[in-house]
Enquirer: 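Questions regarding the structure given below will be posed in turn.
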There are 2 protein chains.
Amino acid sequence: MDKSRTRRALLDGALDLLRDRSLDNLGIREVTRAAGVAPAAFYRHFQRIDDLGLVLVEEAFVTLRELMNEARAGAADTDDIINNSVTVLVAHVRSHQDHYRFIAREQFSPITSVKLAIRREIKLFATELSTDLARLPVTSTWPAPDLVMLADLIVGLMVDTAKRLIDVLEEAPEREPEVVRETERRLRYLSFGATAWHPR
Amino acid sequence: MDKSRTRRALLDGALDLLRDRSLDNLGIREVTRAAGVAPAAFYRHFQRIDDLGLVLVEEAFVTLRELMNEARAGAADTDDIINNSVTVLVAHVRSHQDHYRFIAREQFSPITSVKLAIRREIKLFATELSTDLARLPVTSTWPAPDLVMLADLIVGLMVDTAKRLIDVLEEAPEREPEVVRETERRLRYLSFGATAWHPR
DNA sequence: CCATACTGTGAACAGTTGTTCACTCGTACT
DNA sequence: AGTACGAGTGAACAACTGTTCACAGTATGG
């Protein structure tokens with residue numbers, strides 16, 4: 001009947017299974033079963049499991065852009081930016097756990113199309129972040145490559161934090177504040193580094 | 001006949017398959033086939049595929065410690081340390097590609113025992129690195145937590161670099177120097193950061 | 001030199017997989 | 001009102017999976 005309806009059911013079912021399975025090992029029959037649909041129905045929406053994966057990647061990064069916008073909202077001095085960013089990141093990871101776990105895991109996926117898509121999106125994300133950095137007083141005079149470098153370092157830290165958060169959330173939730181503080185420290189370290197850095 | 005002989009064959013066969021498969025999706029039959037051995041033989045050496053994975057993790061980190069020792073060998077001023085470290089890392093990743101790819105990929109493995117083992121080893125690795133950092137002039141006065149933080153940042157960078165290197169090596173080997181230069185810059189950024197950092 | 005322990009074998013098991021097929025509807029458009 | 005489209009079905013296919021089993025061969029130790 002409603003095409004988009006079962007499509008969503010397939011995506012959600014897949015995302016649910018991907019909680020403790022890798023995309024590489026995700027069976028078409030499993031997904032359709034989780035979606036409450038006949039196996040053959042899968043092919044009305046995707047050709048292969050890879051396509052399903054690509055859609056999930058796209059979805060995940062849509063939420064990442066949401067994150068960016070939220071974080072940009074309250075911008076004061078550097079320290080506030082850091083604390084605010086981390087708070088927003090934590091809240092976001094918490095409410096989109098499945099998507100974050102998925103991209104963290106499939107970042108090195110043997111399914112090349114998915115791996116490449118994720119890498120491309122992360123690169124894009126870092127570029128956007130670097131244009132934001134260009135507006136800050138400390139880094140406003142830096143040339144583009146240096147901005148990208150710093151943005152890459154920050155994004156790497158974010159990915160790492162997301163990974164830690166997911167683990168902590170499902171294993172020892174009471175240790176969450178600890179992760180938050182750790183991340184803020186590291187981020188502060190990176191931003192202090194900017195004051196000592198001589199760009200070329 | 002020779003027990004350790006087939007055991008190695010199984011490990012090597014697995015490592016070979018893991019080039020474009022995730023551990024989660026690695027079949028026992030596949031492994032025995034790659035090792036040229038009957039399926040049932042697998043159970044003489046490992047109970048489940050997880051155990052095989054744990055052995056591979058251990059092997060990978062043995063080579064990582066080799067790396068550490070090699071890198072420690074030629075230590076001069078900070079700039080030399082950076083260049084030397086990166087050179088050694090590159091050489092090492094090149095000659096142990098399969099192991100590095102494996103740990104990079106399974107760092108987020110759905111197979112929890114393997115994931116935990118990797119995380120534990122990385123943590124240990126960072127701790128060792130931090131005691132090395134304590135010997136450097138810039139960081140000698142830092143308290144332990146700050147040293148660990150910096151070590152974590154560096155290790156994170158190394159993992160990231162290993163990942164990039166593997167991709168570059170099998171997709172566009174001519175761009176290797178580019179990755180090397182990029183990594184040196186980032187590492188230098190992190191070390192410059194140390195001069196501006198106020199530990200507490 | 002014999003007996004014991006143990007690695008590797010090949011057959012068998014029931015279960016699951018991806019993919020195709022002709023099919024039945026319900027929907028939307030003419 | 002009727003028709004053409006296409007989403008979802010259920011059965012069928014051969015191929016593969018993990019695991020067990022009794023057995024064969026060989027090395028080791030008494």
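First the proteins, then the strands, lettered A, B, ... as listed; each starts at 1. Basis for what follows: all heavy atoms, side chains included, without hydrogens, waters or symmetry-related copies.
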Enquirer: Under 4.0 Å, heavy atoms only, any strand: does B:Tyr43 hit a base, just the sugar-phosphate, or nothing?
Expert: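 Base contact.
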Enquirer: Distance check needed: D:dG10 P versus A:Arg44 CZ, whole Å only.
Expert: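 Rounding to the nearest Å, CZ of A:Arg44 and P of D:dG10 are 14 Å apart.
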Enquirer: Measure from the side chain of A:Lys3, starting at C-beta and using heavy atoms only, and say which of D:dC21, C:dT7, D:dA7 lies closest.
Expert: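 Comparing D:dC21, C:dT7, D:dA7 against the side chain of A:Lys3, the answer is D:dA7.
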Enquirer: Can you give me the N/O atom pairs linking the protein to nucleotides 12-17 of chain D at distances under 3.5 Å, or say none if there are none?
Expert:
from: D:dT17; atom 1: OP2; to: B:Arg33; atom 2: NH2; distance (Å): 2.7

Enquirer: In this structure, how many angstroms lie between the C1' atom of D:dG8 and the CZ atom of A:Arg7, rounded?
Expert: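 Rounded to whole Å, this separation is 17 Å.
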Enquirer: So, is A:Thr6 near the phosphate of D:dA7, with a side-chain N or O under 4.0 Å from OP1 or OP2?
Expert: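 Checking A:Thr6 against D:dA7: no side-chain N or O falls below 4.0 Å of OP1 or OP2.
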Enquirer: How many angstroms lie between atom CG of B:Leu147 and atom OG1 of B:Thr141, to the nearest 0.5 angstrom?
Expert: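 The OG1 atom of B:Thr141 is 8.5 Å from CG of B:Leu147, to the nearest 0.5 Å.
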Enquirer: Counting side-chain heavy atoms from CB outward, which of C:dG10, C:dC21, C:dT7 is closest to A:Ala40?
Expert: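 In terms of side-chain proximity for A:Ala40, the closest of C:dG10, C:dC21, C:dT7 is C:dC21.
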Enquirer: Between B:Arg8 and B:Glu59 (salt bridge meaning N to carboxylate O under 4.0 Å), is one present in this structure?
Expert: yes
Enquirer: Evaluate the ring planes of B:His92 and B:Tyr100, with Trp represented by its six-membered ring, and classify them as parallel (under 30°), tilted (30 to 60°) or perpendicular (over 60°).
Expert: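 B:His92 and B:Tyr100: perpendicular rings.
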Enquirer: Take the protein atom CZ of A:Phe46 and the nucleotide atom P of D:dG8, then report the distance between them rounded to whole Å.
Expert: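 Rounding to the nearest Å, CZ of A:Phe46 and P of D:dG8 are 11 Å apart.
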Enquirer: Can you name the residues that form a side chain to side chain contact (heavy atoms under 4.5 Å, CB included) with A:Glu178, not counting sequence neighbours?
Expert: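 Side chain to side chain contact (heavy atoms under 4.5 Å, CB included) check on A:Glu178 returns A:Arg175, A:Arg181.
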Enquirer: Is B:Glu121 salt-bridged to B:Arg65, going by a charged N under 4.0 Å from an acidic O?
Expert: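 Yes, this pair counts.
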Enquirer: Would you kindly give the CZ-to-C1' distance between A:Arg5 and C:dG26, to the nearest whole Å?
Expert: 17 Å
Enquirer: For A:Leu10 and D:dA7, give me the distance from atom CG to atom C1', rounded to whole Å.
Expert: 12 Å
Enquirer: In whole angstrom, what separates A:Ile49's CD1 from C:dG18's P?
Expert: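 For the pair A:Ile49 CD1 and C:dG18 P, the rounded distance is 7 Å.
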Enquirer: Atom CZ of B:Phe42 to atom C1' of D:dT20: distance rounded to whole Å?
Expert: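 Atom-to-atom, B:Phe42 to D:dT20, this comes out as 15 Å.
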Enquirer: Can we say B:Arg48 and B:Asp51 salt-bridge, meaning some charged N sits less than 4.0 Å from an Asp/Glu carboxylate O?
Expert: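 Result for this pair is no, no salt bridge flagged.
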Enquirer: What is the distance, rounded to the nearest whole Å, between atom CZ of A:Arg8 and atom P of D:dG8?
Expert: 15 Å
Enquirer: Go through the structure and list residues passing side chain to side chain contact (heavy atoms under 4.5 Å, CB included) with B:Arg120, not counting sequence neighbours.
Expert: B:Ala117
